[in-house]
Engineer: 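Sending over a structure as structure tokens; questions will come in a sec.
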Protein chains: 2
Amino acid sequence: MKLSEAKQQFIASWGAFGTHWGINRTMAQVHALLLVSPDPLTQDDVMEQLSVSRGNANMNIRELIDWGLVDRVIVPGERKEYFSAEKDIWKVATQIIKERKKRELDPMLKLINQLSTIEGDKKDKETKAFIDTINGIKKFGEQADRTLDTMIKSEESWFLSTMLKLFK
Amino acid sequence: MKLSEAKQQFIASWGAFGTHWGINRTMAQVHALLLVSPDPLTQDDVMEQLSVSRGNANMNIRELIDWGLVDRVIVPGERKEYFSAEKDIWKVATQIIKERKKRELDPMLKLINQLSTIEGDKKDKETKAFIDTINGIKKFGEQADRTLDTMIKSEESWFLSTMLKLFK
DNA sequence: ACAAACTTTCATTTATTTTTGAAAATTCAG
DNA sequence: CTGAATTTTCAAAAATAAATGAAAGTTTGT
């Protein structure tokens, strides 16, 4: 298999994979493209290599920056902006966990906490089932929250220790 | 907050939550409804409570059964089928992890393994970047695979030990 | 075997999400 | 300040995903 072919397949599959996880196909493809590009790319490079419009490329690149997965890179003497993706997959995973936790788990727990304050007779079967389910989710969510924080933290300290080694 | 109101909000939010994770809104809502229902429901109950069509209800209930999150329940003397959701959130989580792993992580790793066999000069910057990214994903995926298997297994043994206690 | 009760399918419709591309806004060198 | 280069916005169009409901299929009691 040739590089260009493998690259195409990787980008296409990463895009399809993303859609199964609620991620816009183009965003996942831009991410894939930047992951396998040794040097930073411009918006026009992305447009050309993925055959997408200017607006689409722009929107998804910015979304990736919001997610902390892509950085703007300044190339001296160039007017255009360049973009480059974090290449360390462990850092990528940590960042995604961090963002999803913030965007989804935390608001969900907030809601669950509100719902756990319903008034009602615990003798009632319907009420009891509701409270039990909500409490189950609450406990699970709180545990997940703690576990994910630990993962994020341990990754950061791993990162820190790696950095320290570099400067020792 | 009253039960009916809380229930409505839970179902709506669970549905919205699902869409962020690539899960069809109705499927997530049916799941939520069954999670807070003390007794099994029929397809008509689901249709009525969620205001969805027969086809939609049927399709999503079956999908939930495929995912191993909902069971058909036979009520003696009744012609209709009844459906009930697994209520233990830890088991629900385990089951979702199991299914997503099978449906998505495993095929992705298969692809990555194929892509890691590209021919090419490692001196070439493009080729090197591609190989490095693929290998990074490969290592990460293999670790995730092992970790998730451990989680699934530990849940099963926790389940087993709970069961054993019941019969001791 | 029949028919009522119930379940499943799937072509069509509807809703939602994504993409486009031209216009507006911004940036920056001279 | 000017204007060309570049980036961003957003209304409209296109693509995709989901829902509908009637018809076909299946099951079960008599």
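Protein chains get the first letters and strands the later ones, always in sequence-line order, with residue 1 at the start of each.
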Engineer: Is B/E99 salt-bridged to B/K102, going by a charged N under 4.0 Å from an acidic O?
Structural biologist: yes

Engineer: Is it the case that more than 12 heavy atoms not belonging to B/E48 sit under 6.0 Å from its CD atom?
Structural biologist: no

Engineer: Can you check the B/D44 CG to C/dT8 P distance for me, whole Å?
Structural biologist: 12 Å

Engineer: What is the first contacted nucleotide of DNA chain D and what is the last, in 5' to 3' order, if contact means an atom lying under 4.0 angstrom from a heavy atom of chain A?
Structural biologist: D/dA4 to D/dT9

Engineer: Find which nucleotide of DNA chain C each of A/V52 and B/F83 is nearest to by heavy atoms, and output the residue with the more 5' nucleotide.
Structural biologist: B/F83

Engineer: In whole Å, I'd like the distance from the OH atom of B/Y82 to the C1' atom of C/dC6.
Structural biologist: 12 Å

Engineer: Tell me whether A/I65 at atom CD1 has more than 12 heavy atoms from other residues, nucleotides or ligands lying less than 6.0 Å away.
Structural biologist: yes

Engineer: So if I take residues 21-42 of chain B and measure heavy-atom distances to DNA chain C, which residues fall below 4.0 Å?
Structural biologist: none

Engineer: A/R54 CZ to C/dA25 P: how many Å, rounded?
Structural biologist: 18 Å

Engineer: Going by atom types alone, do A/Q8 and A/S4 pair a side-chain donor with an acceptor below 3.5 Å?
Structural biologist: no

Engineer: Could you tell me whether the side chains of B/N58 and B/R54 share a donor-acceptor contact shorter than 3.5 Å?
Structural biologist: no

Engineer: When hydrophobic residues are tied together by side-chain contacts of less than 4.5 Å, even through go-betweens, does B/I112 share a cluster with A/V92?
Structural biologist: yes

Engineer: How many whole angstroms separate atom CE of A/M47 from atom P of C/dT18?
Structural biologist: 20 Å

Engineer: Hey, which of these two, A/T19 or B/G55, hits DNA chain D nearer its 5' end, going by closest nucleotide?
Structural biologist: A/T19

Engineer: In whole angstrom, what separates B/N56's CG from C/dT13's P?
Structural biologist: 18 Å

Engineer: So what does A/Q43 hit on the nucleic acid, given a heavy-atom distance under 4.0 Å: a base, only sugar-phosphate, or nothing?
Structural biologist: base

Engineer: Would you call B/K128-B/D121 a salt bridge at under 4.0 Å N-O?
Structural biologist: no

Engineer: If only side-chain N and O atoms of B/N58 are considered, is one of them under 4.0 Å from the OP1 or OP2 phosphate oxygen of C/dT8?
Structural biologist: yes

Engineer: Looking at A/D106 and A/K101, is any side-chain nitrogen of the basic one under 4.0 Å from a carboxylate oxygen of the acidic one?
Structural biologist: yes

Engineer: Using whole Å, report how far CD of A/E78 lies from P of C/dT27.
Structural biologist: 19 Å

Engineer: Does a side-chain N or O of B/R79 approach OP1 or OP2 of C/dT7 to a distance below 4.0 Å, or not?
Structural biologist: no

Engineer: How many whole angstroms separate atom CE of B/M59 from atom C1' of C/dT12?
Structural biologist: 13 Å

Engineer: From CG of A/N60 over to P of C/dT17, roughly how many Å is that when rounded to an integer?
Structural biologist: 15 Å

Engineer: Are side-chain N/O atoms of A/S53 and A/N56 paired as donor and acceptor at under 3.5 Å?
Structural biologist: no

